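Please read the structure below before turning to the comments.
The sequence lines fix the lettering, A, B, ..., with proteins before strands; numbering per chain opens at 1. Note that the structure is a prediction, hence the values are computed from the model and not measured. Note that these values count all heavy atoms, side chains included, but never hydrogens, waters or copies made by symmetry.
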Amino acid sequence: MPRRAKRACRNAPEPDPEMPSGKRTKAMKTETSDKLVVEGGPSDSTKKAQAAKDCGNESSRYWLMKSEPESRMEKGVDVKFGIEDLKAQPKQTACWDGVRNYQARNFLRAMKVGEEAFFYHSNCKEPGIAGLMKIVKEAYPDHTQFEKGSPHYDPSSKKDNPKWSVVDVQFIRMTKRFIPLAELKVHHQAHKASGGPLENMALFTRQRLSVQPLTKGEFDFVLSLEDKKPS
DNA sequence: GCCAACGTTGGC
DNA sequence: GCCAACGTTGGC
């Protein structure tokens with residue numbers, strides 16, 4: 001599943017040939033269509049327009065990344081990885097592995113060092129935003145796709161052309177208070193009705209996407225909730 | 001290239 | 001545990 005990060009990998013992962021830019025197979029169809037800006041050639045205005053539409057603007061992006069804070073077994077492996085688990089890692093840094101959805105992967109590949117992301121707790125008692133982290137290493141191949149024992153093993157992925165990527169993230173801080181999904185949803189509904197920063201928030205408009213972009217407006221609004229009374 | 005069947009996500 | 005939403009697969 002495109003679910004979440006799991007165990008942290010080594011802090012200094014091996015260098016690896018990053019995605020060869022060759023052939024597009026049929027299976028890679030989706031990745032083409034929602035390929036992001038990132039290093040898109042200067043001539044590629046379509047991709048840029050697409051990315052602009054998805055993310056607001058290119059230079060300063062914000063992200064939301066989902067992970068499960070409660071134990072759940074998948075192929076005999078516990079996939080639990082909450083913000084406390086990130087905090088407990090060496091250097092409070094982990095690689096965000098296990099993403100198995102092309103669109104989410106493409107967002108991972110679009111991330112730049114220094115960009116900030118919300119750590120979102122999903123599939124749990126109280127879903128919502130728990131804290132902040134930042135990107136400390138840009139996309140490189142996800143080692144779990146080659147590990148037979150991993151719940152995220154992908155036998156169709158080849159070492160010389162890895163399908164799936166990770167980024168490294170580092171804990172910044174907890175949000176001043178937990179911001180529940182239910183509260184965000186109330187704002188989303190209100191903003192949808194009469195306008196406001198959360199009206200198009202991907203959390204609600206792209207339901208199952210585990211890695212998603214936020215506009216600065218969305219990011220700032222969510223952060224402003226920290227200082228407000230739980231509604 | 002369509003689309004039905006299937007599998008996964010994830011809130012409730 | 002249920003099930004709606006939606007991505008993926010594969011037959012044709």
In whole angstrom, what separates [X]'s [atom1] from [N]'s [atom2]?
X        : N      : atom1 : atom2 : result
A/Arg100 : B/dT8  : CZ    : P     : 13 Å
A/Lys185 : B/dG10 : NZ    : P     : 13 Å
A/Glu74  : B/dT8  : CD    : C1'   : 9 Å
A/Leu184 : B/dG10 : CG    : C1'   : 15 Å
A/Asn123 : C/dC2  : CG    : P     : 16 Å
A/Ile129 : B/dG11 : CD1   : P     : 12 Å

Taking distance alone, no hydrogens or angles, what donor-acceptor pairs closer than 3.5 Å link side-chain atoms of residues 192-200 of chain A to residues at least two apart or in another chain?
unit_1   : atom_1 : unit_2   : atom_2 : d
A/Lys192 : NZ     : A/Gln189 : OE1    : 3.4
A/Ser194 : OG     : A/Ala190 : O      : 3.1

Worksheet item: Quick one: which of B/dG10, B/dC12, C/dT8 gets closest to the side chain of A/Leu181?
Response: B/dC12

Practice prompt. Please tell me which of the listed nucleotides, C/dT8, B/dG11, B/dG10, lies nearest to the side chain of A/Lys66?
Written response: B/dG10

Worksheet item: Looking across every strand, which nucleic acid part, if any, lies under 4.0 Å from A/Phe204 by heavy atom: base, sugar-phosphate, or nothing?
Response: nothing

Item to complete: Identify, with sequence neighbours excluded, every residue that meets ring-ring contact (aromatic ring centres under 6.0 Å, His included) alongside A/Phe119.
Response: A/Trp96, A/His121

Item to complete: Write out all pairs satisfying ring pair (Phe, Tyr, Trp, His ring centres under 6.0 Å) with one or both partners inside residues 159-180 of chain A, taking only residues at least two apart or from two chains.
Response: A/Tyr102-A/Trp164

Worksheet item: Looking at A/Phe146, is A/Lys159 sitting on its ring face, NZ or CZ under 6.0 Å from the six-membered ring centre and within 45 degrees of the normal?
Response: yes

Please list each protein N or O that sits under 3.5 Å from an N or O in nucleotides 3-7 of chain B, with the distance.
unit_1 : atom_1 : unit_2   : atom_2 : d
B/dG7  : N2     : A/Arg208 : NH1    : 3.4
B/dG7  : N2     : A/Arg208 : NH2    : 3.3

Item to complete: Identify, with sequence neighbours excluded, every residue that meets side chain to side chain donor-acceptor pair (under 3.5 Å) alongside A/Thr205.
Response: none

Practice prompt. Mind checking side chain to side chain donor-acceptor pair (under 3.5 Å) for A/Lys158 and listing every partner two or more places apart, or none if nothing turns up?
Written response: none

